[in-house]
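Comments concern the structure below.
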Amino acid sequence: MSNNIVELTNIRKRYNARSVLMGLDINVPPGTVLGLMGRNGAGKSTLIKCMLGLLKPDAGKATVFGEEAWNLSVAAKQRIGFVPQTMPGFRWMKAGTFLDYVGSFYQRWNREKVSTLMKEWGLSPAMRISRMSEGEIQKLSIIRALGHEPDLLVFDEPVASLDPLARRDFLRQIVELGMDENRSMIFCSHIASDLERVASDIVIIKNGVVACRGALDSLQERIRRIRIQSDRNLLLPIPTPNILHSVVEGATAEVTVENVPDEEILRLSERLSARITIESLNLEDIFLEVNR
């Protein structure tokens with residue numbers, strides 16, 4: 001039996017005539033901080049909802065803690081914390097009352113941790129949620145998800161409304177939580193620098209499937225940019241395998257490749273009588289190249 005916290009196998013989901021997820025597979029082992037990336041409309045939020053049992057996939061299998069996501073037990077739900085893009089409902093409550101209410105549903109609600117985070121993030125328990133800024137509501141939503149110290153934390157664009165200081169404090173919390181080898185996290189964000197800081201593994205979704213996955217250092221070894229300077233004009237296609245993107249301008253070319261060994265690049269240099277420079281890419285560049 002697998003010990004993965006989350007297993008998604010051949011997940012498919014359509015909205016009317018539009019296919020959003022088309023046979024997607026993702027596994028999340030214990031202790032993983034998974035950074036989830038994709039363009040707007042790529043299906044990230046749909047994926048998260050299918051994974052948490054908030055949306056039923058049309059096909060495939062989704063399990064969390066070994067249970068079918070669509071029929072999670074109360075015990076399994078007690079082990080999950082979720083921060084959606086926007087916090088629904090409860091706007092009429094005071095912040096402290098809201099957290100007390102939510103905490104009453106959990107067996108291991110950490111009141112001390114909740115109180116500490118409220119003070120650190122400058123939130124008053126007496127303030128009504130309806131009078132809070134979007135950034136303050138997002139902070140409250142994050143505190144709500146952390147209060148019962150779950151074994152699986154899922155964040156859907158959690159820092160979109162946070163100011164730089166709150167964002168830094170939140171990422172620090174994530175780094176500290178990620179040190180627990182028994183806790184797993186899925187962190188969906190379009191801010192590549194945040195994922196570079198907190199994620200142990202990266203998944204890039206494109207056209208409803210996983211286009212790219214791996215640890216950041218592994219991705220940087222696999223996906224590289226080659227700059228070519230020849231003594232003669234170059235023509236497309238550049239004679240090397242696994243090209244993700246290429247641009248040729250006269251005697252110069254810029255080529256992004258995946259899984260091309262150094263010896264193959266050396267042969268390319270000889271074949272084109274060219275000087276070649278190999279560049280490593282940061283996560284944002286990798287994301288852009290995969291999505292061209």
Side-chain angles (χ1 to χ4, degrees), residues 1-13 21 24-36 44-90 93 95-118 140-158 170 173-188 198-201 203:
M1 182 176 177
S2 171
N3 68 339
N4 289 321
I5 301 297
V6 174
E7 286 196 0
L8 305 175
T9 306
N10 196 31
I11 298 296
R12 297 177 181 272
K13 185 64 183 178
L21 303 177
L24 186 144
D25 298 292
I26 293 178
N27 294 328
V28 183
T32 300
V33 182
L34 181 70
L36 185 62
K44 302 185 297 299
S45 293
T46 297
L47 168 64
I48 287 173
K49 289 177 181 177
C50 289
M51 180 184 67
L52 295 179
L54 301 174
L55 194 63
K56 192 171 186 178
D58 298 326
K61 184 177 181 181
T63 63
V64 181
F65 303 119
E67 298 184 13
E68 184 185 4
W70 187 245
N71 294 300
L72 286 178
S73 66
V74 172
K77 292 177 181 178
Q78 289 271 332
R79 301 173 64 189
I80 300 172
F82 176 43
V83 180
Q85 290 185 18
T86 57
M87 190 178 81
F90 303 103
M93 279 187 172
T97 305
F98 167 72
L99 291 173
D100 288 340
Y101 172 72
V102 172
S104 68
F105 290 94
Y106 293 98
Q107 296 176 354
R108 56 180 191 184
W109 187 255
N110 190 332
R111 292 180 179 274
E112 183 178 352
K113 181 180 184 66
V114 167
S115 178
T116 298
L117 286 174
M118 289 284 284
L140 185 65
S141 183
I142 292 169
I143 293 171
R144 173 194 55 78
L146 297 177
H148 59 293
E149 300 180 326
D151 298 316
L152 172 64
L153 273 162
V154 182
F155 303 101
D156 190 0
E157 299 287 356
F170 168 65
Q173 290 280 341
I174 295 303
V175 171
E176 292 174 358
L177 288 168
M179 294 178 182
D180 186 343
E181 62 183 19
N182 295 314
R183 177 178 286 118
S184 296
M185 287 182 272
I186 297 175
F187 195 106
C188 175
V198 302
S200 59
D201 210 2
V203 165

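Numbering starts at 1 and runs along the sequence shown. The structure displayed is predicted, hence computed values, not measured ones.
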So, using salt bridge (Lys or Arg N to Asp or Glu O under 4.0 Å) as the criterion, who are the partners of [X] when residues are at least two apart?
X: R144; value: none
X: K49; value: none
X: R12; value: none
X: D156; value: none

Are the side chain of [X] and the backbone of [Y] linked by a donor-acceptor contact shorter than 3.5 Å?
X: Q78; Y: Q107; answer: yes
X: K61; Y: N10; answer: no
X: E67; Y: S73; answer: yes

I26 vs I186, side-chain contact (heavy atoms from CB on, under 4.5 Å): CA-CA, chis, key distance, verdict: CA-CA 11 Å; I26 293 178; I186 297 175; over 6 Å; no
What are the two closest heavy atoms between [X] and [Y], and how far apart are they?
X: I11; Y: G60; answer: CD1-C, 4.0 Å
X: F98; Y: M93; answer: CA-SD, 3.6 Å
X: E149; Y: R108; answer: O-NH2, 2.9 Å
X: L54; Y: W70; answer: C-CZ3, 4.1 Å
X: A62; Y: L8; answer: CB-CD2, 3.5 Å
X: G81; Y: P150; answer: N-CB, 3.5 Å

All ring-ring contact (aromatic ring centres under 6.0 Å, His included) counterparts of F105, not counting sequence neighbours: Y101
Set of ring-ring contact (aromatic ring centres under 6.0 Å, His included) partners for F82, sequence neighbours left out: none
Atom pair [atom1] ([X]) and [atom2] ([Y]), whose distance is rounded to the nearest 0.5 Å:
X: F187; Y: S200; atom1: CZ; atom2: OG; answer: 12.5 Å
X: M118; Y: L140; atom1: CE; atom2: CG; answer: 6.0 Å
X: I48; Y: F155; atom1: CD1; atom2: CZ; answer: 11.0 Å
X: S45; Y: L55; atom1: OG; atom2: CG; answer: 11.0 Å
X: L36; Y: E157; atom1: CG; atom2: CD; answer: 9.0 Å
X: M51; Y: L72; atom1: CE; atom2: CG; answer: 10.0 Å

All side-chain contact (heavy atoms from CB on, under 4.5 Å) counterparts of T9, not counting sequence neighbours: D25
Under the side-chain contact (heavy atoms from CB on, under 4.5 Å) test, residues paired with W109 that sit two or more places apart: L99, V102, Y106, R111, V114, H148
Counterpart residues, side chain to side chain donor-acceptor pair (under 3.5 Å), relative to [X] (two or more places apart):
X: E7; answer: S2, N4
X: T116; answer: none
X: T63; answer: none
X: N27; answer: none

Positive for side-chain contact (heavy atoms from CB on, under 4.5 Å) with I80, one of D151, V64, L153: V64
